[in-house]
Amino acid sequence: LSRVDHDIGPAADYPPGSKKIIDVADRSIGIFNVEGQLFAVLNRCPHALAPVCLADLTGTWLAGPPDEPQYGLQGRVLRCIWHGWEWNIETGKTVAGTDPRRLSKYPIRIEGDRVLISVPEKRPPVGPDTVDE
Amino acid sequence: VGNLIFSGTLERFKQVKFIFIEYSWAWVGPLLWRFDAAWKAGRHSVPWTVQSPTEYLKQRIRFTSEPALEVTDSELPHVFENMHADHTLLFSSDYPHWDSDEPGFVFRHVDPDMRKRIFYENAIETFGERLKAPVPIAG
């Protein structure tokens, strides 16, 4: 698939801890800055097509034995606003392997002081099982 | 069933299997749909539930077949598929009650492989090879 780089503005617009939902290449895409690392995520939950990027990044209780619940992945979990499905923004996968589907993510980088994301030229048909990347 | 899965009991006691005797079983499949959906949405509330309810059930929870005649023959394949009967259903007769299920009569139209699972193989897998030992006859 051929890809196109899109300039989405100066890096200063995306400081650590920020989230922006922007329209790029006929898509709604969430741009998250997690402790200096940028992530670009299609604003569409793979479960039931909810605008998943409206959720704020949070942590979650990790899978583990009954006696020692551990909280982790702080600031890396998108818990969808509709049905509560949890996505790890770094891997794009569900937090605890609850489902094989995954988020659509786009390569994002800073060149000079500009932020560029690389998006497939052609957008696949919209559906929960289609991955756009 | 829900409590066993979501309370962490099956994680705390990993060697224990649970068999529900004479609870019927046509309800198991639809219950699993709800449980799996609830787990995908709310797993963080029960983090000790480390695999899907369906997986727990297939591995550790069993149901006995009597009363077997509540489900129509045409519906049986769907019900079996939804409850993973090839792992979870064990034949039982309820003998000598008046409404007991005759092994030669119930499930007589069921696929032979599935019959083998329900009447024999599932029990061996649940109780172990000791089930094959000769049974001493009293008297």
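Below, read A as the first sequence line, B as the second, and so on, with proteins coming before strands; counting in each chain starts at 1.
Listed in order of number, the residues of residues 60-79 of chain A that approach chain B to under 4.5 Å between heavy atoms are A/T60, A/W61, A/L62, A/A63, A/G64, A/P65, A/P66, A/D67, A/P69, A/R79.
Residues B/Y23 and B/F18 fall within the same hydrophobic cluster, defined by Ile, Leu, Val, Met, Phe, Trp and Tyr side chains chained together at heavy-atom separations under 4.5 Å.
More than 12 heavy atoms of other residues, nucleotides or ligands shown are found within 6.0 angstrom of CZ on A/R109. Counting heavy atoms of neighbouring residues, nucleotides and ligands inside a 6.0 Å radius, atom CZ of B/R108 exceeds 12 of them. The environment of NZ in A/K93 is sparse: at most 12 heavy-atom neighbours from other residues, nucleotides or ligands sit within 6.0 Å.
Residues passing the side chain to side chain contact (heavy atoms under 4.5 Å, CB included) test with B/D36, sequence neighbours excluded: B/S52, B/P53, B/T54.
Here A/G84 is the residue among A/G97, A/C80, A/G84 with the most heavy-atom pairs under 4.5 Å with chain B.
Under the ring-ring contact (aromatic ring centres under 6.0 Å, His included) criterion, the residue pairs touching residues 44-68 of chain B are B/F20-B/F63, B/W27-B/F63, with sequence neighbours excluded.
Taking CZ from B/R43 and OG1 from A/T98, the interatomic distance works out to 7.0 Å, rounded to the nearest 0.5 Å.
Grouping Ile, Leu, Val, Met, Phe, Trp and Tyr residues whose side-chain heavy atoms lie under 4.5 Å apart, directly or via other members, places B/L90 in a hydrophobic cluster with B/I19, B/I21, B/Y120, B/I124, B/F127, B/L131.
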